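Report on one structure; see the data block that follows.
Predicted model only: the values in this text are computed from it and were never measured. The figures here come from the full heavy-atom set of this structure, side chains too, leaving out hydrogens, waters and symmetry mates. Residue numbers start at 1 and run along the sequence shown.
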Amino acid sequence: AGKSSTKPQGPFQPGKSDYQKVYNDVAELLESNDEYDNGSYGPVLVRLGWHASGTYDKESKTGGSNGATMRFSPESDHGANAGLKTARDVLQSVKDKHPWITYSDLWTLAAVSAIQEMGGPKIPWRPGRQDGDVTACTPDGRLPDASKEQKHLRDIFYRMGFNDQEIVALSGAHALGRCHTDRSGFDGPWTFSPTVLTNDFYKLLIEEKWSWKKWSGPKQFEDVATKSLMMLPTDMALIKDKAFKKHVEAYAKDNELFFKDFADVFAKLLELGVPFKTDEKFVFKASTD
Ligand code: HIF
């Protein structure tokens, strides 16, 4: 009797509550280091989830978040990924605590946790990504080049399978975080509240006057009024291009519309190219719910 009756156990099958625990542990470490940037790892975790996913090519069906190949050189050394080691390292403590989760599920779930904890909408998420090896690394050049404009944006995001409205809806994520001279070479935040997701990116783009920043760094815009905010050439392209601009105007007027469309498009981004076995998506509780 007793111990000898223990049934043989299969591999651990995580369920929604296990993923919620991972979500909560990510939420807890977001503001664990006052010294880091604006006091939150949230923005850099959103960037990690996006750069892991945004390598997708719908024609060859390569790239995307499945695989977590940014763990390996050469992908970790691609210029576009500069600074993301910080994000990967921060998440290692969560991986150590929940070793059953794949890196590829962890990185995308961390982006969901960061967005929700920074006041953003609920991003439905499902597990199922498998980690790959170095042979699945994508070639350099799949992520956008911020010094370019609308043609480049369409080339890059159409390749992933997005349309104009989706490109603009995604772009509101630049309300979060900042550029770092030692990462991209650009400098500064897009909004006055870089750790809260709102439609401020669109409002500022339309309402402020912007001019070229006079400096020796890469070409970027600064707001004329305070010279403390920035826009990339790719951001400014969203109001130079009529087809993009009408969506910028719609999101600037209506935060609810932005949140709804952003949730849809960010969820789609995190799922590009992933061979899921389940249709069931989880909506995680935020710490403020
Ligand atoms: Fe970014 N992005 N992004 N980006 N991005 C930077 C930082 C962040 C582009 C360029 C840059 C998206 C699209 C594009 C975030 C999230 C998203 C930086 C600065 C550059 C240069 C990096 C650094 O120096 O630290 C370009 C050209 C894009 C195509 C439009 C997405 C829509 C907006 C897909 C997206 O979600 C976040 C968050 C950051 C802030 C990171 C930080 O460390 O604070």
Taking the side chain as every heavy atom from C-beta outward, state whether [X] and [Y] have any pair of such atoms under 4.5 Å apart.
X: F266; Y: L170; result: yes
X: D187; Y: C179; result: no
X: P121; Y: L197; result: yes
X: W107; Y: R88; result: yes
X: H78; Y: L143; result: no
X: I156; Y: R142; result: no
X: M70; Y: L84; result: yes
X: F282; Y: P127; result: yes

Item checked: Co-membership, hydrophobic cluster, residues F186 and V44, 4.5 Å side-chain ->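 Yes.
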Check: Are V265 and V283 joined in one hydrophobic group, where the rule is that I, L, V, M, F, W and Y side chains link up if heavy atoms are under 4.5 Å apart?
Finding: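 They do not share one cluster, since no chain of ILVMFWY contacts under 4.5 Å joins V265 to V283.
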Checking [X] against [Y]: charged group under 6.0 Å from the ring centre and within 45 degrees of the axis?
X: R159; Y: Y56; answer: no
X: K95; Y: Y103; answer: yes
X: K219; Y: W212; answer: yes

If you look at every heavy atom in [X] and [Y], which pair is closest and at what distance?
X: L29; Y: V94; answer: CD2-CG2, 3.5 Å
X: Y36; Y: T86; answer: CE1-CG2, 3.9 Å
X: W215; Y: P218; answer: NE1-O, 3.0 Å
X: S76; Y: N81; answer: O-CB, 4.1 Å
X: P233; Y: A146; answer: CD-O, 3.2 Å
X: L238; Y: L153; answer: CD2-CD1, 3.9 Å

Output, in order, the C-alpha distance, side-chain angles, deciding distance and verdict of side chain to side chain donor-acceptor pair (under 3.5 Å) for Y202 and E249. CA-CA 7 Å; Y202 307 104; E249 287 169 337; over 6 Å; no
Pairwise distance [atom1]([X]) to [atom2]([Y]) - rounded to 0.5 angstrom:
X: I239; Y: L205; atom1: CD1; atom2: CG; result: 4.0 Å
X: L270; Y: S53; atom1: CG; atom2: OG; result: 4.5 Å
X: Y23; Y: Q20; atom1: OH; atom2: CD; result: 7.0 Å
X: E117; Y: T288; atom1: CD; atom2: OG1; result: 6.0 Å
X: M160; Y: K268; atom1: CE; atom2: NZ; result: 11.0 Å
X: L106; Y: L91; atom1: CG; atom2: CG; result: 5.0 Å

Return yes if a side-chain donor-acceptor contact under 3.5 Å exists between [X] and [Y], otherwise no.
X: H180; Y: D37; result: yes
X: E256; Y: Y251; result: no
X: D57; Y: S60; result: yes

Tell me, with the steps shown, if S40 and E31 meet side chain to side chain donor-acceptor pair (under 3.5 Å).
-> CA-CA 5 Å; S40 174; E31 299 193 350; 4.7 Å; no
Is [X] reaching over with its side chain to a backbone N or O of [Y], donor-acceptor style, under 3.5 angstrom?
X: K240; Y: Q150; result: no
X: T234; Y: E149; result: no
X: S113; Y: L109; result: no
X: D131; Y: A68; result: no
X: D105; Y: R129; result: yes
X: R126; Y: T278; result: yes

request  = Let me see the working for K21 and H98 under side chain to side chain contact (heavy atoms under 4.5 Å, CB included), right down to the final yes or no.
outcome  = CA-CA 9 Å; K21 283 180 192 146; H98 308 277; 4.1 Å; yes
Can you classify the ring geometry of [X] versus [Y] as parallel (below 30°), tilted (30 to 60°) or perpendicular (above 60°)?
X: W50; Y: F157; answer: parallel
X: F284; Y: W125; answer: tilted
X: W100; Y: F12; answer: perpendicular

| task | Quick one: list whatever passes side chain to side chain donor-acceptor pair (under 3.5 Å) with R154, sequence neighbours left out. | result |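 So R154 forms a side chain to side chain donor-acceptor pair (under 3.5 Å) with Y158, D164, D241.
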Per side chain to side chain contact (heavy atoms under 4.5 Å, CB included), Q220 is matched among M230, M236, M231 by M230
### Message
Please identify which of these residues, V46, T198, L45, V196, meets the side chain to side chain contact (heavy atoms under 4.5 Å, CB included) condition with M118.
### Response
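With M118 as partner, side chain to side chain contact (heavy atoms under 4.5 Å, CB included) holds for just one option, V46.
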Can we say E222 and K209 salt-bridge, meaning some charged N sits less than 4.0 Å from an Asp/Glu carboxylate O?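 Salt bridge: no.
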Taking only Lys NZ, Arg NE, NH1 and NH2, and the carboxylate oxygens of Asp or Glu, determine whether D289 and K285 approach each other closer than 4.0 Å.
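So D289 does not pair with K285 through a salt bridge.
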Residues pairing under ring pair (Phe, Tyr, Trp, His ring centres under 6.0 Å) where one sits in residues 132-152, two or more places apart or in two chains, turn out to be none
request  = Take D155 and K151 through the salt bridge (Lys or Arg N to Asp or Glu O under 4.0 Å) test and state the conclusion after the steps.
outcome  = CA-CA 6 Å; D155 287 345; K151 180 184 179 304; 2.8 Å; yes
More than 12 heavy atoms of other residues, nucleotides or ligands under 6.0 Å from [atom1] of [X]: is that the case?
X: E28; atom1: CD; value: no
X: K85; atom1: NZ; value: no
X: K97; atom1: NZ; value: no

What verdict does the side chain to side chain donor-acceptor pair (under 3.5 Å) test give for S104 and N66, after you've listed the backbone C-alpha separation in whole Å, the side-chain angles of each residue and the deciding distance to 0.1 Å?
CA-CA 6 Å; S104 39; N66 202 39; 4.7 Å; no
Apart from F72 itself, its cluster of hydrophobic side chains linked below 4.5 Å comprises V134
* Could you go step by step and tell me if L272 and S65 meet the side chain to side chain contact (heavy atoms under 4.5 Å, CB included) rule? -> CA-CA 7 Å; L272 294 174; S65 61; over 6 Å; no
*asked:* W190 vs L229, test: side chain to side chain contact (heavy atoms under 4.5 Å, CB included). Steps then yes/no.
replied: CA-CA 5 Å; W190 289 266; L229 301 179; over 6 Å; no
For this session: For the pair D223 and T226, evaluate side chain to side chain donor-acceptor pair (under 3.5 Å) and give the outcome as yes or no after the intermediate values.
Result: CA-CA 6 Å; D223 69 310; T226 73; 2.6 Å; yes
